[in-house]
Amino acid sequence: VLKVSVTPTKDDCVWLAASIPVPDYLTRIIDHGGRWCGEFQRQERPFVAGRHIRESHEGRAGHANFPGVIFAASNCDENSGECLAVAMAWSGGHRMVAEETPDGRRQVQFGFADGMTTATREVWIASSSSGFNGASQAMQAHIRSTGALGQKKINRPVHYNCWEAVYFRHSVDELKDIATRAADLGAERFVLDDGWFKDRNDDTTSLGDWTVDKKKYPDGLQPLVDHVISLGMEFGIWFEPEMINTDSDLYRAHPDWVLGPQDQPSGRGQFVLDLSKPEVCDYLFDAIAEILRSHPIAYVKWDHNRALTGGLPQQTEALYALLNRLNEAFPDVDIESCASGGGRVDYGILKHTTRVWLSDSNDAHERLRMQQEASRWLPPEVQGSHIGPRVCHTSGRVLPIAFRAAVAAQRHMGFEMDPRELTDAEADTVKRYTAWYKANRDFMFSAQHYRLDANDDEIVTEMFVGTDQSQFIVFIGQLGATKQISPRPLRLAGLSEGKRYGFKPFDTDCLPKKENRNPAFADFAAPQTMSGRALMTSGFRRPFLFPDSMLIYEGVVRGAEA
């Protein structure tokens with residue numbers, strides 16, 4: 001991975017950017033659009049004469065504008081062919097221009113979308129001759145070794161987040177009951193989401209007043225914290241520090257701290273604090289530090305629920321400085337970047353945080369493809385993924401509990417539903433998948449990650465291969481009904497050609513009953529043995545799956561090929 005610094009120094013510049021030449025044989029442009037609850041939607045177009053521009057003026061990357069682009073040869077796929085990945089490590093407004101000039105030269109430029117700053121920003125470049133996975137693995141390895149990920153050794157505990165169980169309705173006794181049930185399911189960290197601070201009963205009030213609500217918590221947070229810790233879980237808490245409501249003590253005392261013009265419209269009922277004012281960042285640091293010092297808190301969910309008004313680079317630089325202060329003061333606290341889900345996911349924010357909330361959608365059907373596309377840039381372990389409610393709150397879908405659990409187990413796993421809604425059978429499924437995640441997370445999050453070409457638009461599949469090629473895990477996700485009768489063979493990647501691998505599915509409950517199977521196929525629940533060469537060239541015949549289901553295969557070396 002190469003680094004290129006963007007260093008604007010003159011106030012009279014119209015636009016200053018890093019400019020990187022693109023080889024003429026890379027004819028495809030691939031980037032990601034999206035929306036709230038639908039982030040990381042892949043887009044592809046050919047290079048043509050003129051400019052292809054992607055930009056965000058939100059003061060953050062935004063749900064629709066991940067600051068990265070891939071240029072690929074016509075024959076490039078996940079595991080073969082040449083490509084070039086370029087991304088700006090920046091969490092504010094950005095602008096990308098991919099251009100073919102009249103003389104046929106091609107280039108890409110990355111720079112700030114609004115305003116100038118004297119700070120240096122990085123543009124990351126990864127070149128691959130082994131397909132998209134080669135570029136992804138280079139980017140993933142680099143972010144693992146830099147910033148907060150390189151400094152903090154996080155064991156990726158199973159989260160329980162209470163948001164979709166209670167929203168703003170906080171009751172200590174109810175939360176204690178929910179925490180007890182979450183711990184029984186296997187949760188290792190309890191996260192108290194929005195609604196815990198002074199007079200916060202809906203999203204129109206109290207942002208900026210970071211003191212505990214005495215009406216909901218007459219004895220403070222400590223009784224709940226003590227209960228959570230007694231269950232063997234860590235305690236985490238939600239903040240939205242960069243924002244303010246007009247109905248707050250902070251606004252009444254400091255209306256001049258609001259970023260942007262006085263007559264601006266609110267967004268989501270709130271405004272943005274001007275972090276370029278040192279007194280604002282000092283206030284926020286002191287308020288957050290008081291909560292973190294007063295309680296044994298291991299995790300902060302840092303939210304950001306609206307676009308900025310006048311989001312100049314200075315705002316982002318001040319955010320980085322504030323996060324630096326908190327990381328230095330509380331080195332054992334894990335900080336997640338959330339911005340209505342995936343509104344601020346980028347390499348810049350991951351220098352200061354160790355987790356991103358990829359999307360506010362807990363719909364496993366949507367997240368399956370979203371998580372895979374995000375893996376073109378992000379290590380799997382930084383992507384938070386939770387088992388959502390039986391009826392998804394953002395889509396209305398009703399999905400099988402095993403499918404929801406398997407999709408969450410692909411990434412940094414958690415739960416975000418009311419555990420009281422689970423049947424005994426559903427609870428047993430959650431426990432089984434949670435135990436599987438705990439047994440395999442260290443392997444997955446140190447392994448090489450490969451997306452696989454399934455040759456089926458309804459299949460989303462990936463695998464993790466150990467660095468010594470002795471172990472692998474394959475996730476096969478079925479979104480819709482396959483068009484043909486017989487599922488196509490699945491070719492694996494990253495294995496040793498000369499070794500033989502034994503493999504079998506972890507959980508066969510998602511397989512159709514025998515009367516619904518194609519009788520020409522073997523019993524897919526039984527172990528199989530194949531050489532690495534065969535698995536990567538011919539592939540193995542995968543079973544028929546119903547829509548919205550996931551099958552996990554586990555494989556280990558059984559010896560050398562004869």
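In this chain, residues are counted from 1 in sequence order.
- Under the ring-ring contact (aromatic ring centres under 6.0 Å, His included) rule, Trp196 has a single partner from Trp163, Phe239, Tyr167, Phe168, which is Phe239.
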Task: Residue pair Glu58, Arg344: steps toward the salt bridge (Lys or Arg N to Asp or Glu O under 4.0 Å) verdict - done: CA-CA 10 Å; Glu58 296 182 20; Arg344 189 159 62 193; over 6 Å; no

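- The two residues Gly342 and Glu39 make their nearest non-hydrogen contact at N-OE2, 3.1 Å.
- A salt bridge between Glu317 and Arg121 is present, with a side-chain N of the basic residue lying under 4.0 Å from a carboxylate O of the acidic one.
- A cation-pi contact links Arg42 to Phe132, judged by a cut-off of 6.0 Å to the six-membered ring centre and 45° from its axis.
- Within a 6.0 Å sphere centred on CG of Asp286, other residues, nucleotides and ligands contribute more than 12 heavy atoms.
- For the ring-ring contact (aromatic ring centres under 6.0 Å, His included) with His386, the qualifying choice from Tyr437, Tyr160, Trp357 is Trp357, the only one to do so.
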Task: side chain to side chain contact (heavy atoms under 4.5 Å, CB included) between Glu458 and Gln478, intermediate numbers included - done: CA-CA 6 Å; Glu458 300 300 334; Gln478 182 91 35; 4.1 Å; yes

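- Closest heavy-atom contact between His393 and Glu164: CE1-O, 3.2 Å.
- For the pair Arg367 and Glu416, the salt-bridge criterion is not met [side-chain N within less than 4.0 Å of a carboxylate O].
- For residues 212-235, the set of pairs meeting the salt bridge (Lys or Arg N to Asp or Glu O under 4.0 Å) definition, not counting sequence neighbours, comprises Arg189-Glu234, Asp199-Lys215.
- Ionic pairing of Arg181 and Asp418 is not present here: no N-O contact between side-chain nitrogen and carboxylate oxygen is shorter than 4.0 angstrom.
- One finds a salt bridge joining Arg252 and Asp249 here, because a Lys/Arg side-chain nitrogen approaches an Asp/Glu carboxylate oxygen to under 4.0 Å.
- Scanning for salt bridge (Lys or Arg N to Asp or Glu O under 4.0 Å) contacts around Glu240 gives an empty result, with sequence neighbours left out.
- Every pair passing ring pair (Phe, Tyr, Trp, His ring centres under 6.0 Å) that includes a residue from residues 274-297 is listed here, sequence neighbours excluded: Trp257-Tyr283.
- When each of Leu422, Asn362, Ile401, Val407 is tested with Ile387 by the rule side chain to side chain contact (heavy atoms under 4.5 Å, CB included), just one qualifies, namely Ile401.
- For the residue pair Ser359 / Glu366, no side-chain donor-acceptor distance below 3.5 Å is found, with atom types taken as modelled.
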